[in-house]
Amino acid sequence: MSGPVEVTRGDGPIVLGLPHTGTDVPASIEAKLNARGRELADTDWHIHSLYERLLPGATTVRATFHRYVIDANRDPGGVSLYPGQNTTTLVPLTDFDGQDIWDIPPTEKDIVERREAFHAPYHAALRAELERVKAIHGIAVLYDCHSIRSHIPFLFDGILPDLNIGTNNGVTCASAIEAIIHEFASSSPYSTILNGRFKGGWTTRHYGRPTEGFHAIQMELAQSTYLSAETAPWAYDTTKANRLRRWLKDILDAIQDTALEIAA
């Protein structure tokens, strides 16, 4: 098993956060998952490949561990992101369909140990890279990369739009950055929503401090936009993905241009 985080440094103002693409599960933890849990169905499948080399100069910070070990996009204190709505916890007890994933559920001690071994190193690396690029450019933009099945009745009604932009209702980034993302996404052939079911996870809300020069956005993609099917084996569809990559590149380029204008 590799370390809990992989960092690829770039010299631009954008940091791509990849908290949910990892599939590493230590053997001692895997042994406690049930058969359903071991399927790792709630992975953000192939998202690191989808964004690879889209933006020259971008920094990437990727968690290698699976979200069932501990979710790097949840409040380390366990506070719910969406009070009153179904969601998963810091260490999920169920999958996105509300089904149990553990034969032996994690104890409080397990959660504390995993928080220190996995969650904390990921965020230490992410924080360090955001501070590094801000020192270079006077601004840092965290673009948090996510994907999810487009139809999950346990979490939301109906079919999810293709591109789900989250800025916690405009709190986590400058209005100019929010506007340019929404403009480019809306001009694409993909259905788009701003601050719908996904308003940005803990990472976006924690790091997005526009008055201090740190801006954060979450992009939640429907997996139907780039997978052959939203079921195992979760195959990457190159034709679909290349079509989507063209628009994601435009969005990232526009964010970078706008960020540099703000910092100028």
Side-chain angles (χ1 to χ4, degrees), residues 16-25 36-55 60-69 71-74 81-82 85-88 92 94-99 101 143-166 181-182 184-186 188-204 217-252:
L16 302 179
L18 297 159
H20 291 154
T21 70
T23 54
D24 287 352
V25 181
R36 189 178 183 101
R38 289 193 295 273
E39 293 175 1
L40 306 183
D42 299 331
T43 307
D44 287 10
W45 297 104
H46 308 293
I47 278 289
H48 52 302
S49 299
L50 186 69
Y51 281 95
E52 189 174 15
R53 295 191 301 273
L54 272 188
L55 183 66
T60 61
V61 180
R62 177 177 179 256
T64 61
F65 54 91
H66 194 264
R67 67 189 305 158
Y68 291 170
V69 175
D71 193 330
N73 197 33
R74 292 292 182 270
L81 290 170
Y82 298 99
Q85 299 182 52
N86 286 338
T87 187
T88 51
T94 69
D95 62 15
F96 287 167
D97 294 312
Q99 301 299 308
I101 58 173
Y143 179 103
D144 218 35
C145 309
H146 296 262
S147 74
I148 195 168
R149 284 179 286 143
S150 60
H151 182 237
I152 306 180
F154 180 70
L155 295 182
F156 50 81
D157 296 330
I159 302 297
L160 196 69
D162 297 328
L163 310 183
N164 300 265
I165 304 160
I181 303 167
H182 195 221
F184 273 75
S186 298
S188 78
Y190 298 97
S191 57
T192 300
I193 192 167
L194 175 63
N195 293 311
R197 170 61 178 84
F198 296 95
K199 294 179 171 61
W202 181 79
T203 304
T204 307
I217 314 103
Q218 177 170 310
M219 177 66 83
E220 188 89 45
L221 302 172
Q223 290 178 345
S224 56
T225 60
Y226 70 96
L227 294 184
S228 297
E230 296 181 319
T231 55
W234 315 102
Y236 188 80
D237 186 313
T238 302
T239 300
K240 280 184 176 182
N242 285 343
R243 179 173 180 254
L244 178 57
R245 276 169 59 87
R246 172 246 166 135
W247 291 97
L248 293 175
K249 176 173 173 51
D250 286 350
I251 289 169
L252 289 171

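Throughout, numbering of the chain's residues begins at 1 and tracks the sequence. Remember, predicted model here, so these are calculated numbers, not experimental data.
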Between Thr60 and Glu52, is a side-chain contact (heavy atoms from CB on, under 4.5 Å) present by the stated rule, with each step listed? CA-CA 9 Å; Thr60 61; Glu52 189 174 15; over 6 Å; no
Residue pair Phe198, Ile193: steps toward the side-chain contact (heavy atoms from CB on, under 4.5 Å) verdict: CA-CA 9 Å; Phe198 296 95; Ile193 192 167; over 6 Å; no
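Defined by atom type and a distance below 3.5 Å, a donor-acceptor pair is present between the side-chain atoms of Glu230 and Ser150. In the model, His182 has no side-chain atom that pairs as donor or acceptor with a side-chain atom of Thr192 under 3.5 Å. Judged purely by distance below 3.5 Å, without hydrogens or angles, the side chains of His20 and Asp71 pair a donor atom with an acceptor atom. When only modelled atom types and interatomic distance are considered, Thr21 and Asp44 share no side-chain donor-acceptor pair under 3.5 Å.
The residue from Tyr51, Trp234, Tyr236, Tyr226 that alone fulfils the ring pair (Phe, Tyr, Trp, His ring centres under 6.0 Å) condition with His46 is Tyr236. Under the side-chain hydrogen bond (donor to acceptor under 3.5 Å, both in side chains) test applied with His66, the options Thr43, Thr23, Asp24 reduce to a single match, Thr43.
Residues Arg149 and Asp42 have side chains in contact (heavy-atom distance under 4.5 Å, counting atoms from C-beta outward). Two residues are said to be in side-chain contact when any heavy atoms from C-beta on lie closer than 4.5 Å; Arg38 and Val25 fail this criterion. In this structure, Leu155 and Ile148 have side chains that are in contact, with non-hydrogen atoms separated by less than 4.5 Å. Looking at Asn73 and His146, their side chains come closer than 4.5 Å, going by heavy atoms from C-beta outward. With a 4.5 Å cut-off on side-chain heavy atoms, Ile47 and Leu221 count as touching.
Looking at Asp97, its side chain never comes within 3.5 Å of a backbone N or O of Gln99 through a donor-acceptor pair. Looking only at distances, no side-chain donor or acceptor of Glu220 sits under 3.5 Å from a matching main-chain atom of Asn164.
Rounded to the nearest 0.5 Å, atoms CG (Leu194) and CD1 (Ile181) are 8.5 Å apart. Between the OG atom in Ser228 and the NZ atom in Lys240 there is a gap of 6.5 Å [rounded to 0.5 Å]. Atom CG of residue Leu55 and atom OH of residue Tyr143 lie 10.5 Å apart, to the nearest 0.5 angstrom. The CE atom of Met219 sits 11.5 Å away from the CG atom of Asp144 when rounded to the nearest 0.5 Å. The structure places CD1 of Ile101 at 10.0 Å from CZ of Arg36, a figure rounded to the nearest 0.5 Å. A distance of 13.0 Å separates CZ of Arg62 from CG of Leu16, quoted to the nearest 0.5 Å.
Taking every heavy atom of both residues into account, Leu163 and Ala185 meet most closely at CD1-CB, 3.8 Å. When all heavy atoms of Gly98 and Phe154 are compared, the closest pair comes out as N-CD2, 3.6 Å. Closest heavy-atom contact between Trp45 and Ser147: N-OG, 4.0 Å. In plain terms, the two heavy atoms of Ser224 and Asp162 that are nearest each other are OG-OD1, 4.3 Å. Lys249 approaches Leu54 most closely through the heavy-atom pair NZ-O, 3.4 Å. The two residues Thr204 and Gly166 come nearest to each other via the heavy atoms CG2-O, 4.0 Å.
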